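Accompanying notes for the structure given below.
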Amino acid sequence: MIELEYAHNRDKELIHISEVSTGDRGLQCPFCFGEILAKKGLVKEHHFAHVKDSCLALAKPYEPKEWPIHLSLLQYHQWYYQRIENDYNELKDQVSRLREWNNLANKEIEQTVATLKLMSAPLNGKLPKNRELNRKALDALLNYKGNFIELLDAFSRVRFSKIKRYSLIQHPSYMQYEKRNSEKIYPRSVWEYYDVKQINHISGPYIFPESFEECLYYLYHYSKNQLELKEKERSLATLKDLRDQKSLLDEFHLYYIKISRQGAAPIYKIGITARDMGKRLSEIQSDLKEMSTLNFEVLFVLKGLGHLETFFKHKYQEWQFDYKHFTEYFELATAQHELVIEELEQLKYHISERREKIKKGMARAKANGVHVGRPKGSEKMQRFMAKPKNQEIATLLKSGLKLREVERKTGCSINTVRKVEQALSVN
């Protein structure tokens with residue numbers, strides 16, 4: 001269970017737990033935007049807690065349908081990030097295709113609007129019947145609200161002396177995708193074509209100028225594609241944040257604790273926290289006050305691996321310790337415990353080895369005259385203040401806290417706090 005000191009209120013403002021009453025709802029997690037509530041009891045430190053078991057953004061949209069429990073924790077960690085990369089690239093291609101389709105649709109619609117304006121303009125100062133019907137088709141197109149049948153009815157009345165060929169479609173549900181060539185998608189098979197001289201000899205509900213069929217085809221699929229594009233763009237934004245910054249994952253620590261019990265085998269706890277482990281331990285002890293515990297031993301605290309908690313629960317579900325409503329405790333046999341220790345050691349080595357490689361690479365670049373660190377020159381203040389951590393600092397400063405108090409609460413350097421204070425004074 002992730003516990004937080006800050007939340008977003010209904011106005012999307014970052015607020016501290018001290019600003020709300022216990023049980024307050026209508027609040028959102030600043031990371032996953034999931035529902036959280038305020039908990040201000042007499043035992044635990046006041047905090048916000050997710051209504052569900054954990055932070056949604058740590059598990060979704062990457063929670064697999066079938067958990068690959070045959071993988072080690074390190075293998076799953078690597079697979080997880082590779083999946084983010086693969087999903088990002090796949091979704092990026094889908095969004096690109098939808099945007100291209102949208103551009104083609106808009107161009108075709110604009111061209112049809114221009115053509116209908118020409119066809120419905122008064123002739124010699126008068127508006128003959130045909131041009132009046134053309135005007136109604138133009139109005140239907142400009143005011144299109146997604147009722148495609150009404151649009152087809154209006155377009156089926158369009159007539160113009162310069163049109164030489166007309167199209168017939170029996171029912172709009174036949175308008176499916178079909179590749180006409182390698183460049184674009186086109187519903188060529190559903191149309192039947194007739195010369196203008198044949199119009200009076202055919203029957204069908206929807207007969208309209210051949211030149212408008214692409215426009216009608218795009219409009220038939222427009223609402224669905226627009227909705228799909230918006231949904232995929234939202235998902236892509238979430239993926240981009242995790243792929244490029246991984247700031248969400250870096251906020252949380254994965255910990256593994258051994259809890260010795262008097263006259264019974266030890267139990268083990270896996271969990272994630274963004275808070276001080278000393279405070280977390282006292283809360284765990286409070287949770288287990290009904291049990292005779294002898295000792296708490298923190299075996300591992302690994303930063304940025306919060307996404308492994310849910311996988312761990314599935315991998316070791318067989319040994320889950322049934323205690324109240326908690327799901328993070330396990331009664332592992334010696335062999336399973338040793339396996340967990342081995343896997344966490346592999347993770348720890350992998351992380352430290354990666355950091356060491358980064359340090360060596362930076363040293364090598366510096367020796368070759370390449371600038372290492374932040375880009376030279378001043379950071380744009382607007383971009384600086386847009387960072388979530390700096391927004392949190394700004395909120396605390398506005399509430400009247402002193403610089404050192406803000407430093408302790410946020411864990412940021414005093415220089416960063418001062419920089420935010422200076423930015424606020426300028427604005």
Side-chain angles (χ1 to χ4, degrees), residues 1-60 234 237-238 241 245 247-253 255 271-289 306-307 309-310 324-328 384-414 416-417 420-421 423-425 427:
M1 180 77 73
I2 295 175
E3 297 173 354
L4 306 165
E5 293 183 26
Y6 297 92
H8 280 152
N9 61 16
R10 291 180 177 84
D11 297 324
K12 305 301 181 185
E13 297 171 334
L14 199 64
I15 57 173
H16 188 259
I17 184 65
S18 61
E19 300 177 63
V20 298
S21 302
T22 185
D24 273 5
R25 288 180 175 264
L27 306 167
Q28 286 186 330
C29 170
F31 299 105
C32 71
F33 307 109
E35 183 184 359
I36 58 179
L37 58 87
K39 292 193 172 183
K40 304 180 74 170
L42 300 176
V43 179
K44 289 188 177 183
E45 186 177 348
H46 296 175
H47 61 275
F48 294 107
H50 286 74
V51 174
K52 295 193 176 182
D53 280 347
S54 194
C55 190
L56 296 174
L58 290 177
K60 296 181 179 180
R234 281 196 295 266
T238 302
D241 180 60
Q245 301 175 24
S247 57
L248 172 64
L249 301 179
D250 290 341
E251 289 287 334
F252 300 102
H253 314 302
Y255 61 82
I272 49 179
T273 184
R275 304 164 67 192
D276 178 77
M277 274 305 299
K279 295 178 182 178
R280 191 73 188 101
L281 276 175
S282 64
E283 293 170 357
I284 294 170
Q285 194 166 11
S286 175
D287 290 337
L288 302 177
K289 62 184 177 181
H307 56 286
E309 182 202 34
T310 309
K324 295 184 178 180
H325 62 281
F326 299 110
T327 60
E328 304 93 356
F384 172 76
M385 290 299 292
K387 293 179 179 179
K389 205 69 176 178
N390 295 339
Q391 291 179 2
E392 178 185 341
I393 293 172
T395 301
L396 293 173
L397 288 172
K398 289 176 182 177
S399 69
L401 292 183
K402 296 181 179 179
L403 298 183
R404 289 295 178 185
E405 291 176 323
V406 175
E407 178 193 13
R408 285 193 295 272
K409 280 188 170 292
T410 61
C412 294
S413 70
I414 191 65
T416 301
V417 178
V420 173
E421 183 188 39
L424 291 175
S425 63
N427 295 333

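Everything quoted here is computed from the prediction, not taken from an experiment. Index from 1, following the sequence.
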What residues, two or more places apart in sequence or in another chain, satisfy side chain to side chain donor-acceptor pair (under 3.5 Å) together with Ser413? Thr416
The side-chain contact (heavy atoms from CB on, under 4.5 Å) partners of Lys324 (sequence neighbours excluded) come to Glu290, Phe326
Set of residues satisfying side-chain contact (heavy atoms from CB on, under 4.5 Å) with respect to Leu403, sequence neighbours excluded: Leu397, Ile414, Val417, Arg418, Glu421
Would you check if Leu396 and Ile393 make a side-chain contact, meaning some heavy-atom pair closer than 4.5 Å? no
Quick one: CD on Glu328 to CD1 on Ile284, what's the gap to the nearest 0.5 Å? 9.0 Å
Within the structure provided, determine whether Glu35 and Gln28 are in side-chain contact (heavy-atom separation under 4.5 Å). no
Distance-only, no hydrogens or angles: does the Lys40 side chain make a donor-acceptor pair with backbone N or O of Ile17 under 3.5 Å? yes
Could you tell me whether Lys402 and Glu405 have a side-chain N and a carboxylate O separated by less than 4.0 Å? no
Could you report the tightest heavy-atom contact between Ser21 and Ala38, atom names first, then the distance? O-CB, 3.4 Å
Restricting to side-chain contact (heavy atoms from CB on, under 4.5 Å), what partner residues turn up for Lys279, sequence neighbours left out? Glu45, Asp276
Residues which pass side chain to side chain donor-acceptor pair (under 3.5 Å) with Glu392, listed by chain and number, not counting sequence neighbours: none
Test of understanding: with side-chain contact (heavy atoms from CB on, under 4.5 Å), list the residues that count as partners of Gln285, not counting sequence neighbours. Phe296
I need the minimum non-hydrogen distance between Ile272 and Tyr255, along with the two atoms involved. N-CE2, 3.6 Å
